[in-house]
Amino acid sequence: MLIPHPILGPRDAQEFTYLGDAALMLRPDPTQDNAEAAFSEYIYFRDNPVGIHQELWFHEQGDRSWLVVTRNTTTHEILSAELASDVKRKQEGDQ
Amino acid sequence: MKFSGLKVIGQALTGHKGWKPLWRDPAPKSHYDIVIIGGGGHGLATAFYLAKVFGKANVAVLEKGWLGSGNIGRNTTIIRSNYLLPGNQPFYEFSMKLWEELEQETNFNSMVSQRGILNLFHSDAQRDAYRRRGNAMLLSGADAQMLDRDALREMVPFLNYDNARFPIKGALMQARAGTARHDGVAWGYARGADSRGVDLIQNCEVTGMKIEAGKILGVETTRGFIGAGKVGVAVAGNSSRVMSMADKRLPIESHVLQAFVSEGLKPTIPGVITFGAGHFYVSQSDKGGLVFGGDIDGYNSYAQRGNLPVVEDVLEGGMALMPMIGRARLLRSWGGIMDMSMDGSPIIDRTDVGGLYFNGGWCYGGFKATPASGYAFAHLLATDTPHDTATAFRMDRFERGYVIDEKGVGAQPNLH
């Protein structure tokens, strides 16, 4: 698999390590009332979809940036990749 | 029809014209006491033990393809009970005992072969860890034996003992471990269940679940609605997909694991050898092919095929362990989809929907568990209480802090 790195261009997926669902960027608020249940859901439970999946890849043997990669889990086709920092900025802009 | 040596000889003398299909091909009835989703190893074993041990015959197994078309036909056939933790090891030893009597129980040749497993170690620390594991195995009633380098060399002289990075210092051996003919296991359970009245319904994909007032009433399928008193889900690989029909999220990611087989060779590898440090394990099938594999690819996948970096990694492991493997030619490689759970251990439990039961999260260790998984799931479905050896496999163990994490790597499925 080649990951289209937004800064470095196409890079071999072997240079990256995989963390998992990009929903891991949406950390629950530890001060809210149901924080314990929310954290257990956040840490242990996943949507695990068939098809399009947004996921976190770390460019460990490269520029050490975190990417949000959109990939099809049935074909391994990679549709896009963005810097996770950009995605985070957009998420915070939405709030 | 009962299989026996006499029967085989009789058929051989009369042109093999008297063999009958091993199971019926029934149309689904409108209602069953128990419906099992998934006609793989675990689903068929569940149906078999429900009928044989718990006297439940009004049971159907629904399979979207053909029987045994999933992971029971795609694994590397190893059976063993060499786990460490108290939540796991008694269960796997129970499974090992069921393997030992499987062929008599099902009257079917599943080719269970107790040829032994060797887990190699390369350092003092690993020796200590395996000694501890061996002791845990002995405590559960399993067998375990530490082999030093000389004893190991006598048994498997062809390994590279002086590898610069991972010199081989010895091994933990379980002599009762071995291999079984994976398809034969599915067929034996299917035939045994069918002959006791279980309906095995193929080409019948579950497309929805009918749940009212917190209780399941049946399943929608490509062959119409089928009512059920209880529904058991045993579809590892696709657990999240099926349980999403009941609006459930699971502590599971689906990952692809690859396996490989070489051309047929003369007998060369006596048992199963695992080289954990090099991400490689190997055995030899009765047909002569070297059957081997390594790590999962490490990213979410439903593709049933992997990518080349892991092929390279596995073959490098093989070359490092036993350089002679370089002379063999690779015949086939394939992939299967694993339910990778958040602690590397399975789940056999009720759900909060009345009558809906779940069996999954087997990671890459489901094959060896097939008999005990079926037995324990049948126990749960029939009596509503978990089997004695499966009490730790609860769905809520994550939020309660009772994870069963053999490797101690935390909620990171691609590291288990």
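The model shown is predicted, which means the values in this text are computed figures rather than measured ones.
Nearest heavy atom pair, residue B:Glu253 against residue A:Gly20, reads OE2-CA, 4.2 Å. Looking at every heavy atom in both residues, A:Tyr18 comes nearest to B:Gln412 through O-NE2, 3.9 Å. Between A:Pro49 and B:Tyr302, the shortest heavy-atom contact is O-CE1, 3.1 Å. Minimum heavy-atom separation, B:Asn307 to A:Met1: ND2-CG, 3.5 Å.
Proximity of B:Phe398 to A:Ile43: side-chain heavy atoms (C-beta onward) are nowhere separated by under 4.5 Å. Residues B:Leu250 and A:Arg46 form no side-chain contact, since every pair of their non-hydrogen atoms from C-beta on lies 4.5 Å or further apart.
The most heavy-atom pairs under 4.5 Å with chain B, out of A:Asp47, A:Asn72, A:Thr74, come from A:Asp47. Chain B forms more heavy-atom pairs under 4.5 Å with one residue of A:Glu41, A:Glu55, A:Glu36 than with any other, namely A:Glu41. Note on B:Ser244, B:Gly410, B:Gly298, B:Pro413: by heavy-atom pairs under 4.5 Å with chain A, the leading option is B:Gly298.
Of the possible polar contacts, none joining the A:Asn48 side chain to the B:Ser240 backbone as a donor-acceptor pair under 3.5 Å is found. Formation of a donor-acceptor pair under 3.5 Å by the A:Arg71 side chain with backbone atoms of B:Asn300 is found in this model.
The environment of B:Arg249 atom CZ is dense: over 12 non-hydrogen atoms of other residues, nucleotides or ligands sit within 6.0 angstrom. Residue-environment remark: CG (A:Asp33) stays at or below the threshold of 12 foreign heavy atoms within 6.0 Å. When the shell of 6.0 Å around CZ of B:Arg400 is examined, it contains more than 12 heavy atoms from other residues, nucleotides or ligands.
Annotation: B:Tyr299 is not in aromatic contact with A:His53 [ring centroid separation under 6.0 Å not met].
Atoms CG and OG1, from B:Asn414 and A:Thr17 in turn, are 8.5 Å apart once rounded to the nearest 0.5 Å.
Residue B:Glu399 touches chain A through both its backbone and its side chain, counting heavy-atom pairs closer than 4.5 Å. Residue A:Thr73 touches chain B through both its backbone and its side chain, counting heavy-atom pairs closer than 4.5 Å. B:Arg241 touches chain A through its side chain: at least one heavy atom from C-beta onward sits under 4.5 Å away, while N, CA, C and O do not.
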